[in-house]
Amino acid sequence: MSEEISIIGLGLMGAALAGSLLDAGHRVTVWNRSADKAEPLVARGATRAATVAEAVAASPLVIVCVLDYPAVYELLADVPLEGRVVANLTTGRPVEARQAAEWVAARGGDYVDGGIMAVPQMIGRPGALVLYSGSQAAFDRFEDAFRAMAEPRFVGSDPGMAPLLDLAMLTGMYGQIAGFLEATALVDSAGYPLTDFTSTLLVPWLNAMAALQPEWVKSVESRDYTTLVSNLEINRSGLENLVRAFREQQVKPDLLLPLKAIIDQRTARGHGAEGLPGLVEELR
């Protein structure tokens, strides 16, 4: 079903979102502080609003994708929101999403927050995912429209849940990137071909390790950290060996040191016989 949808913010992501909605046959109104950014979308059939108020008035669904939450407040400050669903796809923190939901509700609107798990080039294509939280009714009403942009997944009525899960997934990504960079620096220091190392050794190994995580989650949920494989004491010794090897190769182990510190801390507390999932207790 074709919907009337307004997009506020036409950076790389906002423009990609608007384009995917146009491709799906929706009637799209766009606004951006720099009006020229709307030109390619207007050429594809979008309507350009002269003001934010005009954009909000044009559609029951208003998708906001701007720099940060203060920019959301600035843009919508004097705009009537009664009867509107505000889908805020601006990157932020859980507390910001909860505050924004209260702010929109106080002004008569309904609110969903979104965490975009994709880069702009992925929008409208298989593999793109957007997490939504907040008003279940608002999500259900526009789920089909959301699907035009990316796979939509509702993760709960707490508006802060989508940004929290977004940040959690980014945390996993950055951890993987940190390991990749350290490994690459170590291998490069010995002159081994990096392409061969990455494709034939590192990536298959990381995939095998990632496959263990569902079992680790069971340990975290039950708080039973007994293990029949390598315990924290073994890993403490292994990290010590890694750090020494890095320094001997004249490579900084800086991205590994925080992990080593928390393993050292946990074993010093007398938990050396536990498995690696027990480290979550040091982070709680």
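Here the structure is a predicted model, which means the values were calculated and not measured. The first residue in the sequence is number 1, and the count goes up from there.
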Inset, instruction - Spell out, yes or no, whether Val62 and Val104 are grouped together once hydrophobic residues are joined by side-chain heavy atoms under 4.5 Å, including indirect joins. - result: yes
Legend entry - Student check: side-chain heavy atoms of Asn231 and Ile234 closer than 4.5 Å: yes
Inset, instruction - Using a cut-off of 6.0 Å, state whether more than 12 heavy atoms not belonging to Glu82 lie near its atom CD. - result: yes
Legend entry - salt bridge (Lys or Arg N to Asp or Glu O under 4.0 Å) assessment of Glu215 paired with Lys218: CA-CA 5 Å; Glu215 288 299 315; Lys218 294 178 183 178; 3.1 Å; yes
Legend entry - Atom pair CG (Leu255) and CG (Leu257), whose distance is rounded to the nearest 0.5 Å: 8.5 Å
Legend entry - Sidechain N-carboxylate O distance under 4.0 Å for Glu96, Arg93: yes
Legend entry - Cationic N near anionic O, under 4.0 Å, Arg44 to Asp23: yes
Legend entry - Pair Glu281 + Arg223, salt bridge at N-O below 4.0 Å: yes
Legend entry - Backbone N/O of Ala71 and side chain of Asp68: donor-acceptor pair under 3.5 Å: yes
Inset, instruction - Might you work through the side chain to side chain contact (heavy atoms under 4.5 Å, CB included) test for Val187 and Leu194, ending with a clear yes or no? - result: CA-CA 7 Å; Val187 170; Leu194 291 178; 3.8 Å; yes
Legend entry - Any side-chain heavy-atom pair of Ile63 and Phe142 under 4.5 Å: no
Inset, instruction - Would you give the length of the straight line joining atom CG of Asn207 to atom CG of Leu202, rounded to the nearest 0.5 angstrom? - result: 9.5 Å
Legend entry - Presence of salt bridge, Glu151 and Arg147, under 4.0 angstrom: no
Inset, instruction - State, with a plain yes or no, whether a side-chain heavy atom of Pro60 is found less than 4.5 Å away from one of Arg141. - result: yes
Legend entry - Spacing of OG1 belonging to Thr171 relative to CG belonging to Leu164, to within rounding of 0.5 Å: 9.0 Å
Legend entry - 4.5 Å side-chain heavy-atom contact, Val243 and Glu240: no
Legend entry - Closest contact, heavy atoms only, Phe139 versus Pro152: CE1-CB, 3.9 Å
Inset, instruction - Compare all side-chain heavy atoms of Val130 with those of Met149 and state whether any distance is below 4.5 angstrom. - result: no
Inset, instruction - Find out if a path of hydrophobic residues (ILVMFWY) with successive side-chain heavy-atom gaps under 4.5 Å connects Val86 to Leu21. - result: no
Inset, instruction - Consider only side-chain N and O atoms of Asp158 and Ser133, and report whether a donor and an acceptor are under 3.5 Å apart. - result: no
Legend entry - Atom of Arg84, atom of Ala57 and distance for their closest heavy-atom approach: NH2-O, 3.1 Å
Legend entry - Residues, nucleotides or ligands: over 12 heavy atoms within 6.0 Å of Leu228 CG: no
Legend entry - Sole residue of Leu131, Leu129, Ile123 in side chain to side chain contact (heavy atoms under 4.5 Å, CB included) with Ile116: Ile123
Legend entry - Asn235 (side chain) donor-acceptor with Gly238 (main chain) under 3.5 angstrom: no
Legend entry - Minimum-distance pair of heavy atoms, taken over all atoms of Pro163 and Asp113: CD-OD1, 3.6 Å
Inset, instruction - Check whether Leu201 and Leu181 end up in the same hydrophobic cluster, where Ile, Leu, Val, Met, Phe, Trp and Tyr are linked by side-chain heavy atoms less than 4.5 Å apart. - result: yes
Legend entry - Tyr192/Phe197 aromatic ring centres below 6.0 Å: no
Inset, instruction - Say whether Asp36 and Ser34, considering side chains only, have a donor N or O and an acceptor N or O under 3.5 Å apart. - result: no
Inset, instruction - Decide yes or no on side chain to side chain contact (heavy atoms under 4.5 Å, CB included) for Ile8 and Leu75, but give the supporting numbers first. - result: CA-CA 9 Å; Ile8 294 174; Leu75 292 172; 4.0 Å; yes
Inset, instruction - State, without any angle test, whether Ser59 and Glu4 hold a side-chain donor-acceptor pair at a distance under 3.5 Å. - result: no
Legend entry - Test item: Thr198 side-chain N/O and Thr195 main-chain N/O as donor-acceptor pair under 3.5 Å: no
Legend entry - Under 3.5 Å donor-acceptor, Thr227 side chain and Glu274 backbone: no
Legend entry - Within 6.0 Å of CG in Leu12, more than 12 heavy atoms from elsewhere: no
Inset, instruction - Compare all side-chain heavy atoms of Val85 with those of Ser135 and state whether any distance is below 4.5 angstrom. - result: no
Inset, instruction - Determine, stepwise, if the pair Phe246 / Leu256 fulfils side chain to side chain contact (heavy atoms under 4.5 Å, CB included). - result: CA-CA 10 Å; Phe246 268 82; Leu256 284 174; 3.7 Å; yes
Legend entry - Closest non-hydrogen atom pair between Val155 and Met161, with its separation: O-CG, 3.6 Å
Legend entry - Ser189 side-chain N/O to Leu186 backbone N/O, donor-acceptor pair under 3.5 Å: yes
Inset, instruction - State whether Glu3 and Arg27 are salt-bridged, where the test is any N-O pair (Lys NZ or Arg NE/NH1/NH2 against Asp/Glu carboxylate O) under 4.0 Å. - result: no
Legend entry - Trp216 to Pro277 - nearest heavy-atom pair and separation: CG-CG, 3.6 Å
Inset, instruction - May I ask you to check whether Gln99 and Tyr69 show a side-chain donor-acceptor distance below 3.5 Å? - result: no
Inset, instruction - May I ask you to test the Phe154-Gln136 pair for a side-chain heavy-atom distance under 4.5 Å? - result: yes
Legend entry - Student check: side-chain heavy atoms of Leu76 and Val52 closer than 4.5 Å: yes
Legend entry - From Trp205 atom CH2 to Thr200 atom OG1, the distance as rounded to the nearest 0.5 Å: 14.0 Å
Inset, instruction - Please round to the nearest 0.5 Å and tell me the distance separating atom CD1 of Ile262 and atom CG of Leu276. - result: 11.0 Å
Inset, instruction - Answer yes or no: does atom CZ of Arg153 have more than 12 heavy-atom neighbours from other residues, nucleotides or ligands under 6.0 Å? - result: no
Inset, instruction - Identify the two heavy atoms, one from Gly9 and one from Val66, that lie closest to each other, and give their separation to 0.1 Å. - result: CA-CG1, 4.0 Å
Legend entry - Pairwise distance CD1(Ile7) to CG(Leu41) - rounded to 0.5 angstrom: 9.0 Å
Legend entry - Arg48 with Glu54: basic N within carboxylate O range, under 4.0 Å: no
Legend entry - Flag, side chain of Asp224 to backbone of Thr226, donor-acceptor distance under 3.5 Å: yes
Inset, instruction - Mark yes or no for whether Ser6, through its side chain, and Val56, through its backbone, hold a donor-acceptor pair below 3.5 Å. - result: no
Inset, instruction - Go through the steps for Ile263 and Leu279 under the test side chain to side chain contact (heavy atoms under 4.5 Å, CB included), then give the verdict. - result: CA-CA 7 Å; Ile263 289 178; Leu279 294 177; 3.7 Å; yes
Inset, instruction - Indicate whether the side chain of Asn88 and that of Tyr111 have a donor and an acceptor atom separated by less than 3.5 Å. - result: yes
Legend entry - ILVMFWY network linking Leu10 to Leu17, side-chain heavy atoms under 4.5 angstrom: yes
Inset, instruction - Kindly work out whether a path of hydrophobic side-chain contacts (I/L/V/M/F/W/Y, heavy atoms less than 4.5 Å apart) joins Trp103 to Val79. - result: yes
